[in-house]
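Structure first, commentary second.
Note that this is a predicted model, so its numbers are computed, not measured. Computed over heavy atoms, backbone and side chain alike; hydrogens, waters and symmetry mates excluded.
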Amino acid sequence: MYRDATVAVVVPAYNEEGFVGETIATIPGYVDRIYAVEDGSTDGTWEEICRTAERINAASASRNGFSRRVVPIRHDANRGVGGAIKTGYLAAREDGIDVTAVMGGDAQMQPELLEGVIRPVVEGEADYVKGNRLLNEAHQSGMPRFRYVGNRILTWLTRIASGYWTIGDPQNGYTAISLHALEEAGIEDMYEYYGYCNDLLVRLNVAGLRVVDVPRPANYGDEESHIAYRSYIPKVSGMLLRNYLWRLRTKHLYEGPYSMLALFAAAATTVLGGVVDTIRSDRSLLEALPRLLGSLLVGTVFLVGALLVDRDYEQHLDDRLDPSVTESPPTDGEASSAPVSTAVGDD
(Lines give C-alpha, C1' and ligand atoms only; values in the text may rest on other atoms or scores of the structure.)
Protein backbone atom coordinates (compact mmCIF):
# COMPACT_ATOMS: atom_id res chain seq x y z
CA MET A 1 0.00 0.00 0.00
CA TYR A 2 1.18 3.49 -0.85
CA ARG A 3 -0.35 6.46 1.00
CA ASP A 4 -3.49 4.46 1.86
CA ALA A 5 -3.91 3.31 -1.77
CA THR A 6 -3.58 -0.30 -2.85
CA VAL A 7 -1.01 -0.75 -5.63
CA ALA A 8 -0.55 -3.46 -8.23
CA VAL A 9 1.99 -4.04 -11.00
CA VAL A 10 1.25 -5.93 -14.20
CA VAL A 11 4.31 -7.70 -15.61
CA PRO A 12 3.71 -8.83 -19.22
CA ALA A 13 6.27 -11.41 -20.28
CA TYR A 14 6.92 -13.10 -23.61
CA ASN A 15 10.16 -15.11 -23.94
CA GLU A 16 11.77 -13.21 -21.06
CA GLU A 17 13.63 -16.10 -19.45
CA GLY A 18 16.54 -14.70 -17.48
CA PHE A 19 14.84 -11.28 -17.04
CA VAL A 20 11.33 -11.78 -15.70
CA GLY A 21 12.41 -13.22 -12.35
CA GLU A 22 14.61 -10.20 -11.70
CA THR A 23 11.78 -7.87 -12.71
CA ILE A 24 9.36 -9.43 -10.23
CA ALA A 25 11.91 -9.71 -7.45
CA THR A 26 12.89 -6.04 -7.54
CA ILE A 27 9.38 -4.54 -7.49
CA PRO A 28 9.17 -2.28 -4.41
CA GLY A 29 7.70 -3.63 -1.20
CA TYR A 30 4.78 -1.20 -1.06
CA VAL A 31 3.23 -2.97 -4.07
CA ASP A 32 0.40 -5.19 -2.83
CA ARG A 33 -0.21 -7.33 -5.89
CA ILE A 34 1.91 -8.42 -8.86
CA TYR A 35 0.18 -9.95 -11.88
CA ALA A 36 2.86 -11.78 -13.85
CA VAL A 37 1.26 -12.58 -17.20
CA GLU A 38 3.10 -15.15 -19.34
CA ASP A 39 1.99 -14.63 -22.94
CA GLY A 40 2.49 -17.96 -24.71
CA SER A 41 6.30 -18.04 -24.45
CA THR A 42 8.38 -20.76 -26.06
CA ASP A 43 11.22 -20.64 -23.53
CA GLY A 44 11.35 -21.06 -19.74
CA THR A 45 9.55 -17.82 -18.89
CA TRP A 46 6.58 -19.52 -17.22
CA GLU A 47 8.76 -21.77 -15.09
CA GLU A 48 10.85 -18.76 -14.00
CA ILE A 49 7.70 -16.82 -13.07
CA CYS A 50 6.40 -19.72 -11.02
CA ARG A 51 9.70 -20.28 -9.16
CA THR A 52 10.00 -16.59 -8.33
CA ALA A 53 6.35 -16.39 -7.30
CA GLU A 54 6.60 -19.40 -5.03
CA ARG A 55 9.65 -17.99 -3.29
CA ILE A 56 8.19 -14.52 -2.76
CA ASN A 57 4.74 -15.67 -1.69
CA ALA A 58 6.28 -18.03 0.86
CA ALA A 59 8.19 -15.09 2.37
CA SER A 60 5.31 -12.58 2.22
CA ALA A 61 2.56 -12.30 4.79
CA SER A 62 -1.06 -11.71 3.79
CA ARG A 63 -1.63 -8.01 3.08
CA ASN A 64 -4.71 -5.88 2.52
CA GLY A 65 -6.91 -8.94 2.13
CA PHE A 66 -4.67 -10.67 -0.44
CA SER A 67 -3.30 -14.03 0.62
CA ARG A 68 -0.53 -13.96 -2.00
CA ARG A 69 1.48 -11.13 -3.44
CA VAL A 70 2.40 -12.54 -6.85
CA VAL A 71 -0.29 -13.99 -9.11
CA PRO A 72 1.05 -15.95 -12.11
CA ILE A 73 -1.31 -15.94 -15.08
CA ARG A 74 -0.66 -17.90 -18.27
CA HIS A 75 -2.01 -17.41 -21.79
CA ASP A 76 -2.32 -20.62 -23.80
CA ALA A 77 -1.29 -18.74 -26.96
CA ASN A 78 0.55 -15.51 -27.64
CA ARG A 79 -1.87 -12.55 -27.68
CA GLY A 80 0.61 -9.69 -27.83
CA VAL A 81 1.84 -7.35 -25.12
CA GLY A 82 -1.46 -5.46 -25.16
CA GLY A 83 -3.33 -8.69 -24.57
CA ALA A 84 -1.08 -9.55 -21.61
CA ILE A 85 -1.55 -6.09 -20.09
CA LYS A 86 -5.29 -6.29 -20.66
CA THR A 87 -5.39 -9.56 -18.71
CA GLY A 88 -3.50 -7.94 -15.84
CA TYR A 89 -5.73 -4.84 -15.91
CA LEU A 90 -8.88 -6.95 -15.74
CA ALA A 91 -7.46 -8.89 -12.79
CA ALA A 92 -6.57 -5.66 -10.98
CA ARG A 93 -10.03 -4.26 -11.65
CA GLU A 94 -11.65 -7.40 -10.29
CA ASP A 95 -9.50 -7.11 -7.16
CA GLY A 96 -10.42 -3.42 -6.73
CA ILE A 97 -6.81 -2.16 -6.84
CA ASP A 98 -6.62 1.64 -6.55
CA VAL A 99 -3.66 2.15 -8.91
CA THR A 100 -2.12 -0.36 -11.33
CA ALA A 101 1.27 0.11 -12.95
CA VAL A 102 2.96 -1.79 -15.78
CA MET A 103 6.57 -2.94 -15.75
CA GLY A 104 7.82 -5.00 -18.68
CA GLY A 105 9.24 -8.42 -17.95
CA ASP A 106 12.58 -7.53 -19.59
CA ALA A 107 13.97 -5.72 -16.50
CA GLN A 108 14.35 -2.42 -18.43
CA MET A 109 12.16 -0.36 -16.12
CA GLN A 110 13.99 0.82 -13.03
CA PRO A 111 11.89 -0.12 -9.97
CA GLU A 112 13.10 2.94 -8.04
CA LEU A 113 11.18 5.12 -10.52
CA LEU A 114 7.84 3.45 -9.83
CA GLU A 115 6.85 5.86 -7.05
CA GLY A 116 7.07 8.84 -9.41
CA VAL A 117 4.74 7.09 -11.86
CA ILE A 118 2.04 6.06 -9.40
CA ARG A 119 2.07 9.17 -7.20
CA PRO A 120 0.07 11.49 -9.54
CA VAL A 121 -2.68 8.85 -9.70
CA VAL A 122 -2.68 8.35 -5.93
CA GLU A 123 -2.83 12.10 -5.34
CA GLY A 124 -5.69 12.57 -7.80
CA GLU A 125 -3.71 14.58 -10.37
CA ALA A 126 -4.30 12.07 -13.16
CA ASP A 127 -6.22 8.96 -14.15
CA TYR A 128 -3.31 7.70 -16.26
CA VAL A 129 0.41 8.46 -15.99
CA LYS A 130 3.03 7.48 -18.53
CA GLY A 131 6.77 7.88 -18.77
CA ASN A 132 8.23 10.16 -21.44
CA ARG A 133 11.85 9.83 -22.57
CA LEU A 134 11.56 12.92 -24.79
CA LEU A 135 11.03 15.50 -22.02
CA ASN A 136 14.66 15.55 -20.94
CA GLU A 137 17.60 15.80 -23.36
CA ALA A 138 19.76 13.72 -21.06
CA HIS A 139 17.15 10.96 -21.15
CA GLN A 140 17.00 11.05 -24.94
CA SER A 141 20.73 10.33 -25.20
CA GLY A 142 20.18 6.68 -24.31
CA MET A 143 17.75 6.15 -27.20
CA PRO A 144 19.07 4.81 -30.54
CA ARG A 145 18.67 7.35 -33.35
CA PHE A 146 16.24 5.28 -35.44
CA ARG A 147 14.02 4.79 -32.40
CA TYR A 148 14.13 8.51 -31.63
CA VAL A 149 12.98 9.47 -35.14
CA GLY A 150 10.24 6.83 -35.14
CA ASN A 151 9.18 7.92 -31.67
CA ARG A 152 8.80 11.54 -32.79
CA ILE A 153 6.64 10.50 -35.75
CA LEU A 154 4.44 8.27 -33.57
CA THR A 155 4.19 11.06 -30.99
CA TRP A 156 2.55 13.41 -33.49
CA LEU A 157 0.32 10.74 -35.00
CA THR A 158 -0.83 9.73 -31.52
CA ARG A 159 -1.44 13.35 -30.48
CA ILE A 160 -3.74 13.82 -33.45
CA ALA A 161 -5.53 10.51 -32.94
CA SER A 162 -5.91 10.73 -29.17
CA GLY A 163 -6.50 14.44 -28.59
CA TYR A 164 -3.81 14.53 -25.91
CA TRP A 165 -1.69 17.26 -27.47
CA THR A 166 1.11 17.57 -24.89
CA ILE A 167 1.94 13.89 -24.48
CA GLY A 168 5.04 12.38 -26.05
CA ASP A 169 6.82 9.04 -26.31
CA PRO A 170 3.49 7.18 -26.62
CA GLN A 171 5.20 3.78 -26.79
CA ASN A 172 6.66 4.17 -23.29
CA GLY A 173 5.40 1.23 -21.29
CA TYR A 174 6.12 2.57 -17.81
CA THR A 175 2.57 3.56 -16.87
CA ALA A 176 0.05 3.72 -14.04
CA ILE A 177 -3.73 3.77 -14.26
CA SER A 178 -6.49 4.42 -11.74
CA LEU A 179 -9.28 2.00 -10.87
CA HIS A 180 -11.75 4.60 -12.16
CA ALA A 181 -10.04 4.60 -15.57
CA LEU A 182 -10.06 0.80 -15.70
CA GLU A 183 -13.81 0.94 -15.11
CA GLU A 184 -14.54 3.70 -17.64
CA ALA A 185 -12.16 3.29 -20.60
CA GLY A 186 -13.47 0.08 -22.20
CA ILE A 187 -10.43 -2.03 -21.31
CA GLU A 188 -12.14 -5.21 -22.55
CA ASP A 189 -11.83 -3.99 -26.15
CA MET A 190 -8.28 -2.66 -25.87
CA TYR A 191 -5.99 -3.34 -28.84
CA GLU A 192 -3.73 -6.35 -28.17
CA TYR A 193 -0.81 -5.69 -30.54
CA TYR A 194 2.11 -3.36 -29.75
CA GLY A 195 -0.08 -0.33 -30.47
CA TYR A 196 -2.14 -1.03 -27.32
CA CYS A 197 -0.70 2.09 -25.64
CA ASN A 198 -1.82 4.35 -28.50
CA ASP A 199 -5.25 2.73 -28.56
CA LEU A 200 -5.63 3.13 -24.80
CA LEU A 201 -4.91 6.86 -25.01
CA VAL A 202 -7.79 7.33 -27.46
CA ARG A 203 -10.10 5.36 -25.17
CA LEU A 204 -9.06 7.46 -22.17
CA ASN A 205 -9.78 10.67 -24.06
CA VAL A 206 -13.24 9.56 -25.17
CA ALA A 207 -13.97 8.74 -21.52
CA GLY A 208 -12.84 12.27 -20.53
CA LEU A 209 -9.96 11.05 -18.35
CA ARG A 210 -6.85 13.04 -17.48
CA VAL A 211 -3.40 11.91 -18.66
CA VAL A 212 -0.01 13.27 -17.57
CA ASP A 213 3.55 12.55 -18.67
CA VAL A 214 6.49 12.25 -16.28
CA PRO A 215 10.16 12.25 -17.39
CA ARG A 216 11.78 8.85 -17.56
CA PRO A 217 15.21 7.86 -18.91
CA ALA A 218 15.73 5.48 -21.81
CA ASN A 219 17.18 2.20 -20.64
CA TYR A 220 18.23 -0.58 -23.02
CA GLY A 221 19.83 -3.68 -21.63
CA ASP A 222 20.56 -7.15 -23.02
CA GLU A 223 16.95 -7.88 -23.99
CA GLU A 224 15.85 -8.31 -27.60
CA SER A 225 12.94 -6.37 -29.08
CA HIS A 226 10.01 -8.51 -30.25
CA ILE A 227 8.70 -5.79 -32.58
CA ALA A 228 8.72 -6.56 -36.32
CA TYR A 229 8.74 -3.02 -37.71
CA ARG A 230 7.63 -3.99 -41.23
CA SER A 231 4.29 -5.14 -39.86
CA TYR A 232 4.24 -2.84 -36.82
CA ILE A 233 4.24 0.48 -38.72
CA PRO A 234 1.32 -0.21 -41.09
CA LYS A 235 -0.73 -1.94 -38.38
CA VAL A 236 -0.35 0.87 -35.85
CA SER A 237 -0.83 3.60 -38.49
CA GLY A 238 -4.09 1.99 -39.62
CA MET A 239 -5.24 1.55 -36.04
CA LEU A 240 -4.53 5.23 -35.26
CA LEU A 241 -6.55 6.37 -38.27
CA ARG A 242 -9.51 4.19 -37.28
CA ASN A 243 -9.28 5.37 -33.67
CA TYR A 244 -9.10 9.00 -34.74
CA LEU A 245 -12.27 8.70 -36.79
CA TRP A 246 -13.90 6.78 -33.92
CA ARG A 247 -13.00 9.57 -31.45
CA LEU A 248 -14.44 12.24 -33.72
CA ARG A 249 -17.64 10.27 -34.26
CA THR A 250 -18.10 9.04 -30.67
CA LYS A 251 -17.11 12.17 -28.80
CA HIS A 252 -17.37 15.25 -30.99
CA LEU A 253 -20.30 14.45 -33.25
CA TYR A 254 -22.61 14.98 -30.29
CA GLU A 255 -20.77 17.35 -27.97
CA GLY A 256 -18.79 19.52 -30.43
CA PRO A 257 -16.93 21.77 -30.84
CA TYR A 258 -18.87 22.02 -34.07
CA SER A 259 -16.44 24.59 -35.49
CA MET A 260 -13.86 21.78 -35.56
CA LEU A 261 -16.22 19.45 -37.39
CA ALA A 262 -17.10 22.21 -39.85
CA LEU A 263 -13.41 22.81 -40.58
CA PHE A 264 -12.84 19.07 -41.13
CA ALA A 265 -15.80 18.98 -43.50
CA ALA A 266 -14.49 22.04 -45.36
CA ALA A 267 -11.06 20.45 -45.70
CA ALA A 268 -12.47 17.20 -47.06
CA THR A 269 -14.87 18.98 -49.43
CA THR A 270 -12.17 21.30 -50.77
CA VAL A 271 -9.64 18.56 -51.43
CA LEU A 272 -12.20 16.14 -52.88
CA GLY A 273 -13.63 18.89 -55.07
CA GLY A 274 -10.20 19.73 -56.43
CA VAL A 275 -9.45 16.09 -57.24
CA VAL A 276 -12.82 15.50 -58.92
CA ASP A 277 -12.47 18.73 -60.91
CA THR A 278 -9.03 17.65 -62.12
CA ILE A 279 -10.27 14.20 -63.17
CA ARG A 280 -13.29 15.57 -65.04
CA SER A 281 -11.45 18.46 -66.67
CA ASP A 282 -10.62 18.44 -70.37
CA ARG A 283 -7.37 20.21 -69.60
CA SER A 284 -4.06 18.43 -69.40
CA LEU A 285 -2.74 17.50 -65.95
CA LEU A 286 -0.09 20.19 -66.28
CA GLU A 287 -2.73 22.83 -66.99
CA ALA A 288 -4.98 21.63 -64.16
CA LEU A 289 -2.13 21.28 -61.64
CA PRO A 290 -2.17 24.88 -60.28
CA ARG A 291 -5.87 24.64 -59.42
CA LEU A 292 -5.40 21.22 -57.84
CA LEU A 293 -2.50 22.47 -55.73
CA GLY A 294 -4.60 25.46 -54.71
CA SER A 295 -7.36 23.13 -53.52
CA LEU A 296 -4.86 21.04 -51.57
CA LEU A 297 -3.40 24.16 -49.96
CA VAL A 298 -6.80 25.52 -48.92
CA GLY A 299 -7.81 22.09 -47.65
CA THR A 300 -4.61 21.90 -45.59
CA VAL A 301 -5.37 25.29 -44.04
CA PHE A 302 -8.85 24.09 -43.05
CA LEU A 303 -7.33 20.88 -41.63
CA VAL A 304 -4.73 22.71 -39.54
CA GLY A 305 -7.48 24.98 -38.25
CA ALA A 306 -9.53 21.97 -37.18
CA LEU A 307 -6.55 20.44 -35.37
CA LEU A 308 -5.89 23.70 -33.53
CA VAL A 309 -9.50 23.85 -32.38
CA ASP A 310 -9.21 20.23 -31.23
CA ARG A 311 -6.03 21.03 -29.30
CA ASP A 312 -7.60 23.97 -27.50
CA TYR A 313 -10.74 21.99 -26.69
CA GLU A 314 -8.85 19.01 -25.22
CA GLN A 315 -6.01 20.83 -23.43
CA HIS A 316 -7.54 20.40 -19.96
CA LEU A 317 -7.16 16.62 -20.21
CA ASP A 318 -3.35 16.32 -20.34
CA ASP A 319 -0.23 17.80 -18.79
CA ARG A 320 3.43 17.18 -18.01
CA LEU A 321 4.72 16.72 -14.47
CA ASP A 322 8.18 16.43 -12.99
CA PRO A 323 7.57 14.75 -9.65
CA SER A 324 10.77 14.74 -7.61
CA VAL A 325 10.88 11.95 -5.09
CA THR A 326 11.66 13.55 -1.75
CA GLU A 327 10.92 10.66 0.53
CA SER A 328 11.20 6.92 0.41
CA PRO A 329 7.87 5.08 0.65
CA PRO A 330 7.43 2.61 3.49
CA THR A 331 8.09 -0.95 2.49
CA ASP A 332 6.34 -3.91 4.03
CA GLY A 333 8.38 -6.87 3.05
CA GLU A 334 10.53 -7.79 0.09
CA ALA A 335 9.27 -7.53 -3.46
CA SER A 336 9.48 -10.92 -5.13
CA SER A 337 7.73 -13.92 -6.67
CA ALA A 338 4.50 -16.03 -6.50
CA PRO A 339 2.77 -19.45 -6.63
CA VAL A 340 1.98 -21.66 -9.54
CA SER A 341 -1.56 -20.89 -10.77
CA THR A 342 -3.27 -20.09 -13.99
CA ALA A 343 -6.36 -18.67 -12.32
CA VAL A 344 -6.89 -14.93 -12.16
CA GLY A 345 -9.47 -14.38 -9.45
CA ASP A 346 -7.93 -16.58 -6.74
CA ASP A 347 -6.75 -14.68 -3.66
Side-chain angles (χ1 to χ4, degrees), residues 120 124-130 132 152-170 177-178 180-191 195-213 234-280 290-321:
E125 295 180 287
D127 294 289
Y128 185 71
V129 177
K130 51 178 287 299
N132 187 339
R152 283 293 187 184
I153 294 172
L154 276 173
T155 287
W156 278 102
L157 292 176
T158 303
R159 285 176 176 175
I160 294 171
S162 70
Y164 291 116
W165 287 90
T166 64
I167 61 99
D169 192 16
I177 192 168
S178 69
H180 175 63
L182 289 179
E183 293 171 339
E184 297 296 324
I187 298 300
E188 295 88 348
D189 298 321
M190 193 173 79
Y191 192 68
Y196 76 91
C197 41
N198 315 79
D199 175 78
L200 179 56
L201 285 168
V202 181
R203 294 179 181 280
L204 292 167
N205 181 283
V206 171
L209 300 170
R210 183 167 168 79
V211 173
V212 301
D213 275 6
K235 278 187 177 180
V236 172
S237 298
M239 179 270 292
L240 285 173
L241 177 59
R242 293 192 300 273
N243 279 13
Y244 177 53
L245 296 175
W246 174 72
R247 178 171 71 89
L248 294 182
R249 183 181 72 252
T250 304
K251 184 175 184 179
H252 296 299
L253 188 60
Y254 299 104
E255 69 178 48
Y258 296 112
S259 58
M260 179 186 72
L261 298 178
L263 286 167
F264 276 126
T269 301
T270 302
V271 172
L272 183 60
V275 172
V276 171
D277 181 68
T278 301
I279 294 174
R280 299 176 63 180
R291 187 167 180 177
L292 175 61
L293 292 178
S295 299
L296 293 176
L297 178 60
V298 173
T300 300
V301 171
F302 283 135
L303 177 60
V304 171
L307 295 177
L308 290 175
V309 173
D310 187 33
R311 183 193 64 181
D312 291 342
Y313 181 78
E314 302 283 16
Q315 63 182 348
H316 66 290
L317 289 179
D318 62 340
D319 201 358
R320 298 172 177 176
L321 300 179

Which value, rounded to the nearest 0.5 Å, describes the distance between Asn198 atom CG and Tyr196 atom OH?
9.0 Å
Looking at every non-hydrogen atom in both residues, tell me the closest pair between Gly299 and Val271 and how far apart they are.
CA-CG2, 3.9 Å
Leu253 and Leu248, any side-chain heavy atoms less than 4.5 Å apart
no
Measuring only between side-chain heavy atoms, which start at C-beta, is Tyr244 closer than 4.5 Å to Val202?
no
Any Leu154 side-chain heavy atom under 4.5 Å of Val236 side chain
yes
Check: Tyr128 and Leu209 side chains under 4.5 Å, non-hydrogen atoms:
no
Here the pair of heavy atoms bringing Leu240 nearest to Ala161 is O-CB, 3.6 Å
Minimum heavy-atom separation for Cys197 and Pro170, please, with both atom names.
SG-O, 3.3 Å
Straight-line distance of Arg247 CZ to Asp310 CG, nearest 0.5 Å:
4.5 Å
Is the shortest side-chain heavy-atom distance between Met239 and Tyr191 below 4.5 Å?
yes
Say you draw a straight line from CG of Leu296 to CG of Leu303; how long is it, rounded to the nearest 0.5 Å?
11.5 Å
Might you point out which heavy atoms bring Leu204 and Ala181 nearest each other, and give the distance in Å?
CD2-CB, 4.1 Å
Any side-chain heavy-atom pair from His252 and Val309 closer than 4.5 angstrom?
no
Separation of Asp312 CG from Met260 CE (nearest 0.5 Å):
11.5 Å
Does Arg210 pair with Asp319 as a salt bridge, N-O distance under 4.0 Å?
yes
Nearest 0.5 Å please: distance from the CG atom of Leu157 over to the CG atom of Asn243.
12.5 Å
Are Asn205 and Ser162 close enough that a side-chain donor and a side-chain acceptor fall under 3.5 Å?
no
Under 4.5 Å between any side-chain heavy atoms of Asp199 and Arg203, yes or no?
yes
For Ser295 and Gly274 the tightest heavy-atom approach is OG-CA, 3.5 Å
Passes side-chain contact (heavy atoms from CB on, under 4.5 Å), Arg291 versus Asp277? Steps please.
CA-CA 9 Å; Arg291 187 167 180 177; Asp277 181 68; 3.6 Å; yes
Interatomic distance, CG@Leu292 vs OG1@Thr278, rounded to 0.5 Å, equals 4.0 Å
Side chains of Leu307 and Trp165, heavy atoms from C-beta outward: is any pair under 4.5 Å?
yes
Would you check if the side chain of Lys251 reaches a backbone N or O of Ala207 as a donor-acceptor pair within less than 3.5 Å?
no
Positive for side chain to side chain contact (heavy atoms under 4.5 Å, CB included) with Asp213, one of Ile167, Val129, Thr166
Ile167
Please check if the number of heavy atoms outside Arg320 that lie under 6.0 Å from its CZ is greater than 12.
yes
